[in-house]
Amino acid sequence: MLDRQPTLTHPAVTLRPATADDWPALFAAAHDPGIWEGHPAHDRWQEPVFRAFFDDGLASGGMLVAAEPATGVLIGSSRFDLGRAEAGEVEVGWTFLVRRHWGSRTNHIMKALMVGHALQSVERVIFLIGETNIRSRTAIERIGATLTDRQTTAQLSTGPVIHLFYSIDRAGFGTGPLFPLWEQRIS
């Protein structure tokens, strides 16, 4: 059984279960329109929209916050979810990072920690990415995820959005670019 509320640690980032007390710090991190301008939910920087995102994440039972290990400052979040996953898989998604971490290895490390953790219990990790979200599609391809033939339409605050499914299985992870980052985790 997959533990969707682990604490996962790497020298560059710590992922831990989100709590209601994380709201002020996580909203402060997300309250930057620039984070969301290429995202289908481009209004997520607004308090009511982010509140719905945050509350949904807590209710999912799989939301993790990302913190800088040296300071404890929250820099983003991600989530494990089973809602759109088939048997033997889990979704990793709803990831965001403050812009000062864009272009760094932080997103790759977060994905390495989450995918490595998940693949100890499931056969495949899936990622759903908005069809027009080129930044996220490029990022997910760089970490070794492959586009599948599955897709779904999600209703966001900005309207309906087609989401494409990408995946990484155990074999792909073991030979892909995330595995060396997974090996650097702190047990």
Assess the residue pair R100 and I75 against the criterion (side-chain contact (heavy atoms from CB on, under 4.5 Å)); give the C-alpha distance rounded to whole Å, side-chain angles, the decisive distance to 0.1 Å, and a yes or no.
CA-CA 9 Å; R100 65 185 165 80; I75 58 170; 3.8 Å; yes
side-chain contact (heavy atoms from CB on, under 4.5 Å), that's the test. Do Q5 and L64 meet it? Break it down for me.
CA-CA 7 Å; Q5 289 280 270; L64 304 176; 4.1 Å; yes
I would like to know whether F173 and V125 meet side-chain contact (heavy atoms from CB on, under 4.5 Å); could you show each step before the answer?
CA-CA 10 Å; F173 179 70; V125 173; over 6 Å; no
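The salt bridge (charged side-chain N to carboxylate O under 4.0 Å, His left out) pairs that include a residue from residues 9-19 are R16-D22, where partners are two or more places apart or lie in different chains.
Scanning for ring-ring contact (aromatic ring centres under 6.0 Å, His included) contacts around Y166 gives an empty result, with sequence neighbours left out. For R105, there are no salt bridge (Lys or Arg N to Asp or Glu O under 4.0 Å) partners at least two apart in sequence or on another chain. By the ring-ring contact (aromatic ring centres under 6.0 Å, His included) test, W102 pairs with no residue at all, sequence neighbours left out. For E131, the salt bridge (Lys or Arg N to Asp or Glu O under 4.0 Å) criterion is met by no residue, not counting sequence neighbours. In this structure, R142 has no side-chain hydrogen bond (donor to acceptor under 3.5 Å, both in side chains) partners at least two apart in sequence or on a different chain. For the side chain to side chain contact (heavy atoms under 4.5 Å, CB included) test, residues two or more places apart in sequence or in another chain that qualify with A67 are L74. Remark: D169 engages A171 in a side chain to side chain contact (heavy atoms under 4.5 Å, CB included) (not counting sequence neighbours). Residues meeting the ring-ring contact (aromatic ring centres under 6.0 Å, His included) test with W45, sequence neighbours left out: H31.
Expressed to the nearest 0.5 Å, how far CZ of F50 lies from CG of D56 amounts to 11.5 Å.
Alongside I134, the hydrophobic cluster contains no other residue (criterion: ILVMFWY side chains under 4.5 Å). Other members of the cluster containing L128 are I126, F165, with ILVMFWY side chains joined at under 4.5 Å, either directly or via other members.
Here the rule is side chain to side chain contact (heavy atoms under 4.5 Å, CB included) with M63, and of T19, L26, D55 only L26 fits it.
Between F53 and F96, the ring planes lie perpendicular to each other; the angle is over 60°, past the 30° to 60° tilted range.
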Would you list the atom pairs, donor with acceptor, under 3.5 Å between side chains in residues 109-121 and any protein atom, with sequence neighbours excluded?
| residue | atom | partner | partner atom | Å |
| --- | --- | --- | --- | --- |
| K111 | NZ | T95 | OG1 | 3.1 |
| K111 | NZ | N107 | OD1 | 2.9 |
| H117 | NE2 | D3 | O | 2.7 |

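Counting heavy atoms of neighbouring residues, nucleotides and ligands inside a 6.0 Å radius, atom CZ of R135 does not exceed 12 of them.
Remark: R150 engages E89 in a salt bridge, criterion side-chain N to carboxylate O under 4.0 Å.
Tracing side-chain contacts under 4.5 Å through hydrophobic residues (I, L, V, M, F, W, Y), one reaches F179 starting from L181; they form part of the same cluster. Hydrophobic clustering, with ILVMFWY side chains joined whenever heavy atoms are under 4.5 angstrom apart, groups L58 together with W23. Hydrophobic clustering (ILVMFWY, side-chain heavy atoms < 4.5 Å, transitive): W182 and L2 are in one cluster.
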